[in-house]
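Taking it in order: structure first as structure tokens, then the write-up.
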Amino acid sequence: QVQLVESGGGLVQAGDSLRLSCAASGRTISRNGMGWFRQAPGKEREFVASISWNGGSTKYADSVKGRFNISRDNAKNTVYLQMNSLKPEDTAVYYCAADLSRRYYSGTSYRANEYDYWGQGTQVTVSS
């Protein structure tokens with residue numbers, strides 16, 4: 001199994017930036033795709049961004065394209081989500097997820113049910 005711990009969330013103003021980190025432990029995630037999802041109160045959990053095992057491919061939700069950037073440092077067993085130009089509608093709990101069912105997968109999954117392990121989430125609140 002793998003444990004995922006998100007950090008970096010907080011309260012910011014619209015237009016500010018945050019960088020979320022997802023630190024994995026228990027096993028390496030260097031061969032696996034990773035994703036970020038978010039869930040706002042009263043809303044369904046939605047896809048934000050994903051990255052292939054080697055960082056060669058990324059995918060973003062339309063709502064965050066051009067503002068967010070997903071990256072990874074496999075040597076540190078960590079995935080990041082750089083969030084720029086934050087908007088109030090970005091307010092949500094952000095979750096890191098690992099796709100442990102596949103290794104060396106070059107694609108980028110946007111389906112929550114294709115991820116096997118999830119972090120506890122970190123709150124991001126963007127005020128006007």
Mind telling me whether Tyr94 and Phe68 have parallel, tilted or perpendicular rings, with 30° and 60° as the class edges?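 Geometry flag for Tyr94 against Phe68: tilted rings.
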
Drop me the distance from [X]'s [atom1] to [Y]'s [atom2], to the nearest 0.5 angstrom.
X      : Y      : atom1 : atom2 : value
Gln13  : Ser128 : CD    : OG    : 9.5 Å
Ser109 : Tyr115 : OG    : OH    : 4.5 Å
Asn74  : Trp53  : CG    : CH2   : 8.0 Å
Arg31  : Tyr104 : CZ    : OH    : 4.5 Å
Thr58  : Lys65  : OG1   : NZ    : 10.0 Å
Arg38  : Leu81  : CZ    : CG    : 9.5 Å

Under 3.5 Å, side chain of [X] to main-chain N/O of [Y], donor-acceptor pair present?
X     : Y      : answer
Asn32 : Asp99  : yes
Glu6  : Gly121 : yes
Asn84 : Ser17  : no

Could you state whether [X] and [Y] fall into the same hydrophobic cluster, counting links through intermediate Ile, Leu, Val, Met, Phe, Trp or Tyr residues with side-chain heavy atoms under 4.5 angstrom apart?
X      : Y      : result
Trp36  : Ile51  : yes
Val12  : Val64  : yes
Val48  : Leu86  : yes
Trp118 : Val79  : no
Ile70  : Leu100 : yes

Test side-chain contact (heavy atoms from CB on, under 4.5 Å) on Thr122 and Val93 and set out the steps. CA-CA 5 Å; Thr122 185; Val93 176; over 6 Å; no

Testing the basics here: between [X] and [Y], what is the closest heavy-atom pair and its distance to 0.1 Å?
X      : Y      : answer
Ser30  : Thr28  : OG-OG1, 2.8 Å
Ser50  : Thr108 : OG-CB, 3.2 Å
Ser106 : Ser57  : O-OG, 3.2 Å
Arg45  : Phe37  : CG-CB, 3.9 Å

Sub-4.5 Å side-chain heavy-atom contact between [X] and [Y]:
X      : Y      : value
Tyr60  : Asn69  : yes
Ser21  : Ser7   : yes
Met83  : Asp90  : no
Thr91  : Gln123 : yes
Arg72  : Met34  : yes
Val126 : Lys87  : no
Ile29  : Val2   : yes

What disulfide bond (SG atoms under 2.5 Å apart) pairs are there with at least one residue in [range], not counting sequence neighbours?
range           : value
residues 41-90  : none
residues 49-101 : Cys22-Cys96
residues 61-91  : none

Which residue pairs pass the salt bridge (charged side-chain N to carboxylate O under 4.0 Å, His left out) test with at least one member in residues 8-27, sequence neighbours excluded?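 Qualifying pairs, neighbours excluded: none.
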
Got more than 12 heavy atoms from elsewhere within 6.0 Å of CD, Glu89?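 Count over threshold, so yes.
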
Return yes when atom OH of Tyr110 has more than 12 non-hydrogen atoms of other residues, nucleotides or ligands closer than 6.0 Å, and no otherwise.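 No, not enclosed.
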
Quick one: list whatever passes side-chain contact (heavy atoms from CB on, under 4.5 Å) with Ser85, sequence neighbours left out.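 Expected list: Arg67.
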
Walk me through whether Phe47 and Lys59 qualify under side-chain contact (heavy atoms from CB on, under 4.5 Å). CA-CA 10 Å; Phe47 168 76; Lys59 184 178 180 65; 4.0 Å; yes

I would like to know whether Ser52 and Asn54 meet side chain to side chain donor-acceptor pair (under 3.5 Å); could you show each step before the answer? CA-CA 6 Å; Ser52 60; Asn54 62 351; 3.3 Å; yes

Set of residues satisfying ring-ring contact (aromatic ring centres under 6.0 Å, His included) with respect to Tyr80, sequence neighbours excluded: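 Partners of Tyr80 by the ring-ring contact (aromatic ring centres under 6.0 Å, His included) criterion come out as none, since no residue qualifies.
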
